[in-house]
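Values in this document were obtained by computation on a predicted structure and should not be read as measured data. Here is the naming used below: chain letters follow the sequence lines, and residue numbers restart at 1 for every chain.
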Amino acid sequence: MLVGTMLHDVFQKATTCGFTEAVLQNLALQTVYGPKYLKEMYQLKLNQADVLQEIEEYLPSFQKWTSDYMTPATLTNWTLGLSAGNITDKRALQVSEFLDIEENVWSPRFGLKGKIDVTTKVKIHQKSKGVKIMPLELKTGKESNSIEHRSQVILYTLLSQERREDPEAGLLLYLKTGNMYTVPANRLDKRELLKIRNELSFYLTNVVQKSDNGTKEIKLTSLPSLIADKQACKFCSQLRNCALYSRSVEQENGSPYIPADMLSVIEKETAHLKVSHLQYFNLWCLMCSLEASSKESKTGRKNIWMLSSEEREEDGQCVGNLIRIGSVQCVSDGQHLHCFQRRSGDIPATNLMTGDRVVVSGEEKKFLALSTGYIKEVNKNDITCILDRSLAKIPPGTIFRLDHEEGGSGMQSHLGSLSKLMENSPSSEKLRDLVIDFKKPSFIQHLSSVLPHDAKDTVANILKGLNKPQKQAMKHVLLSKDYTLIVGMPGTGKTTTICTLVRILYACGFSVLLTSYTHSAVDNILLKLKKFKVGFLRLGRTQKIHPEVHKFGEEEICKTKSIKSLGALEELYNSQPVVATTCMGVNHPIFTRRRFDFCIVDEASQISQAICLGPLFFADRFVLVGDHQQLPPLVQSAEARELGMSESLFKRLERNQDAVVQLTVQYRMNSKIMALSNKLVYEGRLECASERVSSAIVQLPHFKSLQLELEFKGSIESVWVKDVLEPSNPVCLLNTEKIPALETEEKCGISNRIEAKLVFLLTSLLLKAGCKPSDIGIIAPYRQQLKVICSYFTNLSSSAVEINTVDKYQGRDKSIIILSFVRSNINGKLGDLLKDWRRLNVALTRAKHKLIMIGCVPTLCRFDSLEKLICYLRSENLICNLPPGAHEHFTV
DNA sequence: CCTCTGCTCAGAGGA
């Protein structure tokens, strides 16, 4: 397959460089010895010289083809026409020009999308026809002229119609021989192909069945019945998935018909699985399907062709009415730098940011999805992006639009892991035992049997800096044979613990795979780790990696060392015992060749089960670090959530308490702030690391003079304001009940203008009292509220005050946190967000020295979790009732 | 009812 891809590349490049022997030879050399396919050759353990030889064998056929079809032939009488299946008559058809390669076409009306190998201008020697633009499909394999190949060409003629006149036929070129076939696109063939396409699509869009007979049963439905062709199935890459689905879903549903031949194939393919495994597969397939359709309906790709650019601009997901300016710069293979300008005026306000994936289309429907790529920069009057195709040949004057490509599909990685978990392999079997069947994790008896003798002193040294629970955690991991769960309560030094753990494992000579869901979480640990003498390799796109970690990044190293040979690449991949990447980065070729002694997954309580499994396949033992009392994985579909999709692997495995170690000593909050979450969530287990942590309060150098100023004004506000700001009162809830401060519900979300104003006033006063803007954090559960708060801050120079959602603040802290609860109404409406006590726990544990909460007590009391909090605050006398109109009177 | 981060990807060929 790889050789096929490379040959395509050579041919496609030759369409612009020429088909002479020397050029082709050179292109083959560049392709094999260039950087593009190095990773794949590494994965397949190939040898560059062998690959080159294999490719060279094709080159004479390339030339034969050009001499047959690209030299103006002497005209003879036209005899053939576009008759089916025959080798094209060289005299009847000539390729006069190559118009494009890898043309990208989305066809909503046919429900197809694809890329056309080569778009050619063809001269047909027949009176009525003359010149046509046709798709040319390249095949490097056996010259089968099979129904599959011909059907593919017919589908390309459909795609081709989206851009131009119906070609009525396409070309099929076999590169091994240089023979070319004309494939006429008959109406009946096209109709049958679309019928097959629609049937499959119907089944896939209706995989979930919701019965409304009162039982509220949701289940997966059956797919089209299996084809009875053992030969075809034998080599199919989907055989396992097909068999799994058939056994766990279709046979459970009592599907009417399974070909007798296939029963044994399915049985053989799934014989290693227990009932519990099939049930797990069924449930996760169902939840993934629910979540996928929920995502699709929300941010589906279809908006790009269903909505005008003006409509989409309102959501900030698109910029339309653009023209291309300057010339297209080719940065590297498949990376073309483009610049766009608004036809008139500046670029409108948009959510598009550097690094976002975009789809470029013409405003005209026929130019849908010309290219995809990344935003490089958004300026006041232009946008630059790097696109996979050059738009230089698109007619000048074309008006473009850029659409944000939002995840869309997104569930493939989940399903991929799930499928792999069912594989008949030792590592999958072990994980099935542990994850699905809750097999008890086992441990080694004595540390001495794992700790190499010469590493003892180093390890002892490293351990010195840790507190007791942290040391306990290290020991637990070293003794584990299967897994360890480290509960990192807020502020307990999770990052330090992980960093130390890596150092110890490294010192003991173990290899470590270090992962987390987000790039920033991975880099967080690496930033700490790079200060020690631990080498590591960071996989992933440079653009997504923290600048200070770049020099450990794979791409960066390949560039600076200009790695071009397979040997050098292999050496790089084997160079470090510690490898770091995201959980979704495990499709990297390195993982087909390397295994690790340990895998560490940070923020594991926030990662979806299937995604978290991804890196675990490549390690003998694993360590999950997280805190299930904080936010769980995000699931959009309420139905999927009810079925348990937001249960992380961390949470699932926590039932094996002997695998759990808790980090309870925290360095973040002072004792008053810590007490809140200790009361609500941690049952008093959380403790301050030292007296200094426990009694730390905020520094407000000008607090006294501010106090005097307020008293001088003699306003009633001065009383409560003073109490609220007072550094020695670390916790306070401002009750807006009497003001009153009602929420507003808008199309884009819920906000509370008065709370927003109070937030702004308090922030201004804190700054006036001498607080650094970067020490203040503002948190609200709702995005819309953040927008409103931000609007108050636009004129203030203090933009360093960080305003964000609770979710985004997880893992972070600030000296002072101002928390706006937002919800305040009389009709008893509650939001789901605040109901989640885990979100509340996160919100309450971000402040180091001072936590100011703003909310309407009677409304908040309707949430169970908040009622508990308010009860406690009341008992401690920490609620401050704001007087009516408290937000109005004073000026700052 | 409004919390969001990962993913290049469609097609490379075999029987």
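Salt bridge status for A:D100 with A:R389: present, with a side-chain N to carboxylate O gap under 4.0 Å.
For A:Y174 and A:H149, the ring centers sit closer than 6.0 Å to each other.
Heavy atoms of A:E137 sit under 4.0 angstrom from primed sugar atoms or phosphate atoms, though from no base atom. Nucleic acid contact for A:K544: none, since no nucleic acid atom lies under 4.0 Å from a heavy atom of the residue. As judged by a 4.0 angstrom heavy-atom cut-off over every strand, A:Y37 is placed among residues making no nucleic acid contact. Using a 4.0 Å heavy-atom distance criterion, A:K234 is classed as making no nucleic acid contact. Heavy atoms of A:D117 sit under 4.0 angstrom from primed sugar atoms or phosphate atoms, though from no base atom. Counting any heavy atom pair closer than 4.0 Å across all strands shown, A:I750 reaches sugar-phosphate atoms only and no base atom. If you check every strand for non-hydrogen atoms under 4.0 Å, A:L2 touches nothing.
Along DNA chain B, the nucleotide closest to A:H149 and the one closest to A:H519 are compared, and the more 5′ of them pairs with A:H519.
In this structure, A:T372 contributes its side chain and A:V359 its backbone to no donor-acceptor pair below 3.5 Å.
Residue A:M1 contributes atom CE, which lies 18 Å from atom P of B:dC9 at whole-angstrom precision.
Below the 3.5 angstrom threshold, one finds no donor paired with an acceptor across the side chain of A:Q412 and the base of B:dC7.
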